[in-house]
Amino acid sequence: MSHLIQGERVTMPVRIRDASACAAMFTVPARRARSVLSHAGLDPVEPVRGTAVCALAFVHYRDGDLGSYHEFAVAFLVRDPVRRGSGAFIHWLPVDQTFTLAAGRTIWGFPKEMADIDLRLGGRTKSCVIRQDGRLVAGLLVKPGIPVPSRSELVSLDAYTHQDGVLRRIPWKLRAQRVRSRPGGALLRLGDHPVARELASLGLPKTALCTSSIGTMAMTVADADVVG
């Protein structure tokens, strides 16, 4: 299976050979998360009754089938509508390159938008500042955690997207190395962008549940399955 994107053939599954990422997980009120997710017909996972999980992440894709680019993500942990378990609903996914934007929206229905994404991944403390249309969305700083043992096998995960009334499930696999994690460890500041106001409506910024950084990761992303 392949897709024609801007005159280039993208063969499935898409392979990411080298990337780095950081993520911060926050607990938010489940009723507010449910309101954000209502258009997709999904329910948030509630690790504690009345509490949902919102994740903010930033990624530098250095080598992959969609080229080199920066990405920021706002996601929610949701109940899998097809199988038992959970998945990640991708709510907002800005990038800084046009090819991956076109591929993400066309192939998987990812809510990709163009933005200015300034990543600082060289030191022990990692940071990202994202702006769109000249307006600050957010600045996220992730402090160093303690090393986590790496696993040699691929970890299978499911992402969900909702575009033009269509809910899609995207199976993907990840192998992570040089992983560090810790409780808390995030500093978040919000700007005046509409997405920032939406995050503020969830009660952010606040102390993170946990943070993690991945020094090196490889991924494969399969074609999307239409769920509803």
Least distance between heavy atoms, [X] atom then [Y] atom:
{"X": "Val179", "Y": "Ala176", "value": "CG2-CB, 3.7 Å"}
{"X": "Pro147", "Y": "Arg180", "value": "CD-NH1, 3.4 Å"}
{"X": "Arg9", "Y": "Ser2", "value": "CD-OG, 3.0 Å"}
{"X": "His91", "Y": "Pro111", "value": "O-CG, 3.6 Å"}
{"X": "Pro13", "Y": "Asp65", "value": "O-OD2, 4.0 Å"}

Is atom CZ of Arg120 surrounded by more than 12 heavy atoms (other residues, nucleotides or ligands) closer than 6.0 Å?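 Check fails, neighbour count at 12 or below.
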
Are Arg79 and Val45 side-chain neighbours, meaning at least one heavy-atom pair lies under 4.5 Å?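 Yes. Closest side-chain heavy atoms under 4.5 Å.
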
In the structure I gave you, are the side-chain heavy atoms of Trp108 and Arg168 within less than 4.5 Å of one another anywhere?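 Sidechains of Arg168 and Trp108: no contact.
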
With a 6.0 Å cut-off on the ring centroids, do Tyr69 and Tyr61 count as close?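 Ring centres of Tyr61 and Tyr69 closer than 6.0 Å.
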
Polar side chain donor-acceptor pair, Thr211 to Lys143, under 3.5 angstrom: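 Not at all, the side chains of Thr211 and Lys143 share no donor-acceptor pair under 3.5 Å.
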
If you measure only the distance, is there a donor-acceptor pair under 3.5 Å linking the side chains of Asp133 and His193?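 Looking only at side-chain atoms, His193 and Asp133 do not form any donor-acceptor pair under 3.5 Å.
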
Tell me whether the rings of Trp92 and Phe72 are parallel (<30°), tilted (30 to 60°) or perpendicular (>60°).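 Rings of Trp92 and Phe72: perpendicular, over 60°.
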
Using the side chain to side chain contact (heavy atoms under 4.5 Å, CB included) definition, which of the options Ile117, Val142, Ile130 pairs with Phe58?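 Result: among Ile117, Val142, Ile130, Val142 is the only option passing the side chain to side chain contact (heavy atoms under 4.5 Å, CB included) with Phe58.
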
